[in-house]
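Here the structure is laid out as structure tokens; the discussion comes afterwards.
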Amino acid sequence: GESVGLHLPTLSVQEGDNSIINCAYSNSASDYFIWYKQESGKGPQFIIDIRSNMDKRQGQRVTVLLNKTVKHLSLQIAATQPGDSAVYFCAENTGANNLFFGTGTRLTVIP
Amino acid sequence: GAVVSQHPSRVICKSGTSVKIECRSLDFQATTMFWYRQFPKQSLMLMATSNEGSKATYEQGVEKDKFLINHASLTLSTLTVTSAHPEDSSFYICSAPSDRRSTDTQYFGPGTRLTVL
């Protein structure tokens with residue numbers, strides 16, 4: 001079946017540094033990917049998305065990169081701030097009205 | 001952006017009772033809503049797809065008689081956990097796509113923390 005997983009379950013970065021969170025997926029037919037941020041006790045918050053016909057998309061302080069060849073997705077956060085501390089999930093739209101979530105990476109920003 | 005609300009945010013109940021959780025889309029209509037559950041330090045697991053005007057679609061392993069879903073209107077879906085037991089304690093989250101023509105971008109509610117004693 002499909003699987004979306006993350007290489008690193010935890011990531012600690014210094015405030016002001018850039019963060020890179022990685023995600024691998026296995027369903028080559030997936031055509032839409034989303035990154036969500038989840039703070040403790042809250043629902044996931046949409047950050048950025050990307051379709052399979054793109055390999056890079058930029059938002060405010062965030063960039064998502066998609067490498068379809070190796071089925072890899074990454075989220076880059078520039079100038080990481082304490083408010084960025086959260087769990088980050090990548091999600092894959094498998095096409096059947098389903099979002100399949102990865103296991104999550106906890107980002108901790110050290111002041 | 002699209003706003004999805006849930007009520008209650010937190011509920012504690014006794015074993016054997018039923019609990020209803022509401023999910024509302026506040027500024028848009030949603031013919032489809034999704035219900036997830038999340039255990040501590042784990043990812044979200046899709047439970048079912050709620051369809052306005054028709055029966056919900058349940059994921060494999062999710063008991064439809066245990067988790068009753070009613071999509072009463074284009075802005076409201078409810079999840080009722082019947083005869084709740086301690087193992088049903090979890091974080092329940094709903095989502096809705098912001099575009100009725102596409103389920104691509106889903107916006108999530110704030111979640112409901114259910115604790116069954």
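A note on names: the letters A, B, ... follow the listed sequences, proteins ahead of strands, and every chain is numbered from 1. Here the structure is a predicted model, which means the values were calculated and not measured.
- If you measure heavy-atom distances from B:Leu44 to chain A, the contacts under 4.5 Å come from both the backbone and the side chain.
- Every residue meeting the side chain to side chain donor-acceptor pair (under 3.5 Å) condition with B:Ser73, not counting sequence neighbours, appears here in chain and number order: B:Thr75.
- No side-chain N or O of A:Thr63 forms a donor-acceptor pair with one of A:Gln76 less than 3.5 Å apart.
- Taking the six-membered ring where tryptophan is involved, the planes of A:Tyr36 and B:Phe108 are perpendicular, since the angle between them exceeds 60° and thus also 30°.
- Looking at A:Gln45, there are no atoms closer than 4.5 Å to chain B (heavy atoms on both sides), in backbone or side chain.
- For B:Glu59, the part lying under 4.5 angstrom from a heavy atom of chain A is the side chain only.
- A side chain to side chain donor-acceptor pair (under 3.5 Å) with B:Trp35 is found for exactly one of B:Ser50, B:Ser77, B:Ser95, namely B:Ser77.
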